[in-house]
Structure formats: C-alpha cells, structure tokens
Amino acid sequence: MEEVLTNPRAGFYINRDVFGAEGDFITSPEVSQMFGEMIGVWVMCLWEQMGQPQRVNLIELGPGRGTLVADLLRGASKFKKFIESLHVHLVECSPTLQKLQHQNLKCIDQDNAAESAERRTVSSLAGTPVSWHATLEQVPSGSPTIIIAHEFFDALPIHQFQKVSRGWCEKMVDVAEDSLFRFVLSSQPTPATLYLLKRFKWAANEEIAKLSQIEVCPKAMELTQTIAKRISSDGGGALIIDYGLNGVVSDSLQAIRKHKFVDILDNPGSADLSAYVDFASIRHSAEEASGDVSVHGPITQSQLIGSLGINFRVETLLQNCSDEQADSLKSGYWRLVGDGEAPFWEGPDDSVPIGMGTRYLAMAIVNKKQGVPVPFQ
Ligand code: SAH
C-alpha cells in the first residue's frame, strides 16, 4: 500500500494532481472554502487557549493541493496577532503536489542571504513563512505546535489479517503463475502480528470474537505516538479528520480511480488506495505515548464544523453572491455537514449532493495544559 501510493517513481500521489472532478476523488477542502475557514476557527481557538503564543508551528500532514491552509490563511488574515504568529510546515511526499501547494498558497521565494544561506518562502496570502518536509520528524521542534491531518491517516498502509482454523493469518500479496497479483494467507506469523496483538489488548473480547477479518495500521500508531510526544514537549494540539470507526476496523481497504471503486490489485499506482481509520487505536496510541496529552472525540464532522459556526458563514456568503455561487455554496454546505442526499436538490438526479457530515469523524489530541479544545467540551 505504501509503495503503491508513495513510491518515488510510480506512486499514485507522486506525479499527478489526483483531486477534483477531473482527478480521482474530491475532498472537503476542495468542496468548499468554508471547510478550511472552519478549521481556521478551530486553530485560532486553540491558539487562544494556548495563551496566544507569539510563534506557532502550524503543521499540515498531507496537504493535497494546499487548499485547506490557503482558505485558513485567507479567512484568518484579519486577525493580525494570530496570523503573525504562524509558521506553516507542510509534510508532503509528492514533489508534484509540493509545487501545487507552493502555487496555491501564492508563495514567493525570498533570498535571505543576510540571515542564512537558505531561501525563505513566504505565502503572500498572509505574509506567512512556509516550509516543506517529507516527514513530521523533520519539522523543527521547540515552538508551540498545532497539527492538522485531513484525509492523511486513511492513506497510511494497513495490514489485513484473516481468522482461519490455524489462527489469525496475515493476507499477503503474491505473484500468480500468470504474472498477475493475488492475495494469499501467510503460513507463519509475520512481523505485523505484533501490532495485531497490541490491537487485541485495546479491544474487548466480544469485539474481536465476532470478527473474522481485522485491519491494523502500525504507521498510524507510530505517527500518533510522534504527534503525542511532540505536543507533550512543545505544547498545542492536533486535529485529525478522516472517515473511519471508533473501534476495530474489519475489512475496509478500497481502491478508487476516476471516482469509481476498482479492484485493489488492478494496475497498482493508478488508483488511490485507502482504508478506514481506527480512531480507538489512535486514542490508545496517544495515551500510551504520553501522560501529558488528552484525547477528545471522535465527534462527527457535522458536529465539529456545525459548532465552529459554518451556518453563520454560509449565511454571510449567501448574502453577497451570484445565483450560480449560491447553488455551489448550498451544495458544498450540504456535502460537508449533511447526511445522505440533499433534500432541497432540484437538479439532475445523478448530481444530487451527498452529505458526508456523519461519515467523517474528528478527533483532537491536545496538551493537558490547553484544557478541553472547542467544540469537544
Ligand atoms: N489533505 C488533503 C489531501 C488528502 S490526500 C485534502 O484533504 O484534500 C493525502 C495527502 O497525503 C496527499 O497530499 C499525499 O501526497 C500525502 N501523503 C500520502 N502519504 C504520505 C506519506 N507517507 N508522507 C507524506 N505525505 C503523504
């Protein structure tokens, strides 16, 4: 899964822009500017709770086209003290997407020879310095930190296990005689079994007993530990939004190409692979990594951005827009917070906006000093 998505030569994310109507799938920041704006409200509220620090590392994991941060900076640009505290760090493995993020954040590369030999890059949207990194570990620590991960965890590689008469076996990918890929079951314990055993410890016996398949995501556990430790040493918090469950995930790995589900093993690297996020495992990993952090949620995306004020925002935007923009605002609003098909839709049946407000979940990990973050109280 990791190779298929991030292999430096042939990985799905590496050489192309996969987002939007022309691409393979669409995400919330691409649906409406209101999404990034609402995340901006959350970040600003946390910054207030942190005591308005003068310098904050705002880290986004897997920023895609950079739309979320662009909308956040535009939306918050009037709040000078907040905006001036930010240093944006984008954790992105794809050189193509890094370029797109540079463009969409309207970045300017400045020669800053006086201070150091390095170039400084600043987003002209709000005068904010921006840096890129391949991993979270590479982001310098030592300043209060706010981390956003939207649809990042679902791209981390999972391991699938199946229960058979000889016990739990890992599903592996094999090459068949006709040179095509196929799934086989391991004949003996694999290294990922350690993570399966760890996951079992966090689950009730009844939860496991009813399952014949289980997915575990060691990378998600490790990343959560890194996040928790960073927040414990630097202060601040993280917001994780993704589709998933608040418990063990059984069998969710999926492949999407051009907005359609396709076979997982078909033409690897040409379709997005993703899996449901196991939020319970994130909670346990964070709590295990540090006693200084508290974990909140998951709540639904609809609860999150509803409480952050999306209703007020959509009303304001609707007061001053064309008919076409109004239609797009209403359907965008529904897709972000609604549940199922939009009841107000009058257009063609095949383009009815589908609400994702309850399918997406949000979880916060914060330094205990910060108290309970909004709107998780
Ligand atoms: N957050 C964006 C994009 C989500 S897609 C949005 O909501 O629109 C996943 C993003 O994570 C892409 O930018 C992809 O290139 C990046 N990514 C995936 N795996 C990664 C990894 N292991 N390390 C760094 N970036 C990764």
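Order of listing sets the numbers, starting from 1, for every ligand and every atom in it.
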Show me the side-chain donor-acceptor pairs of residues 203-214 shorter than 3.5 Å, one per line, residues at least two apart or across chains.
from, atom 1, to, atom 2, distance (Å)
Glu207, OE2, Val248, N, 2.9
Gln213, NE2, Asp251, OD2, 3.3

Exercise for review: Classify the ring geometry between Phe25 and Phe12 as parallel (under 30°), tilted (30 to 60°) or perpendicular (over 60°).
Suggested key: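 Because their plane-to-plane angle is under 30°, the rings of Phe25 and Phe12 count as parallel.
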
Review point. With sequence neighbours left out, which residue pairs that include part of residues 342-358 fulfil the side-chain hydrogen bond (donor to acceptor under 3.5 Å, both in side chains) condition?
Key: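 Sorted pair list: Asp339-Thr358.
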
Exercise for review: Could you note down all residue pairs passing side-chain hydrogen bond (donor to acceptor under 3.5 Å, both in side chains) where residues 11-23 supplies at least one of them, sequence neighbours left out?
Suggested key: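 Qualifying pairs: Tyr13-Asp272, Asp17-Arg65.
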
**Study point:** Trp168 ring center within less than 6.0 Å of Phe200 ring center
**Key:**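 That pair passes the under 6.0 Å test.
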
Point to revise | Basic-acidic side-chain contact under 4.0 Å: Lys368, Asp292 | key: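 No, Lys368 and Asp292 are not salt-bridged.
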
Distances only, to 0.1 Å: what are the N or O pairs between ligand 1 and the protein that fall under 3.5 Å?
from, atom 1, to, atom 2, distance (Å)
ligand 1, 1 (N), Gly62, O, 2.7
ligand 1, 1 (N), His150, O, 2.8
ligand 1, 7 (O), Thr27, OG1, 3.4
ligand 1, 7 (O), His150, ND1, 2.6
ligand 1, 8 (O), Thr27, OG1, 2.5
ligand 1, 13 (O), Gly64, N, 3.0
ligand 1, 13 (O), Glu92, OE1, 2.6
ligand 1, 15 (O), Glu92, OE2, 2.6
ligand 1, 25 (N), Cys93, N, 3.3

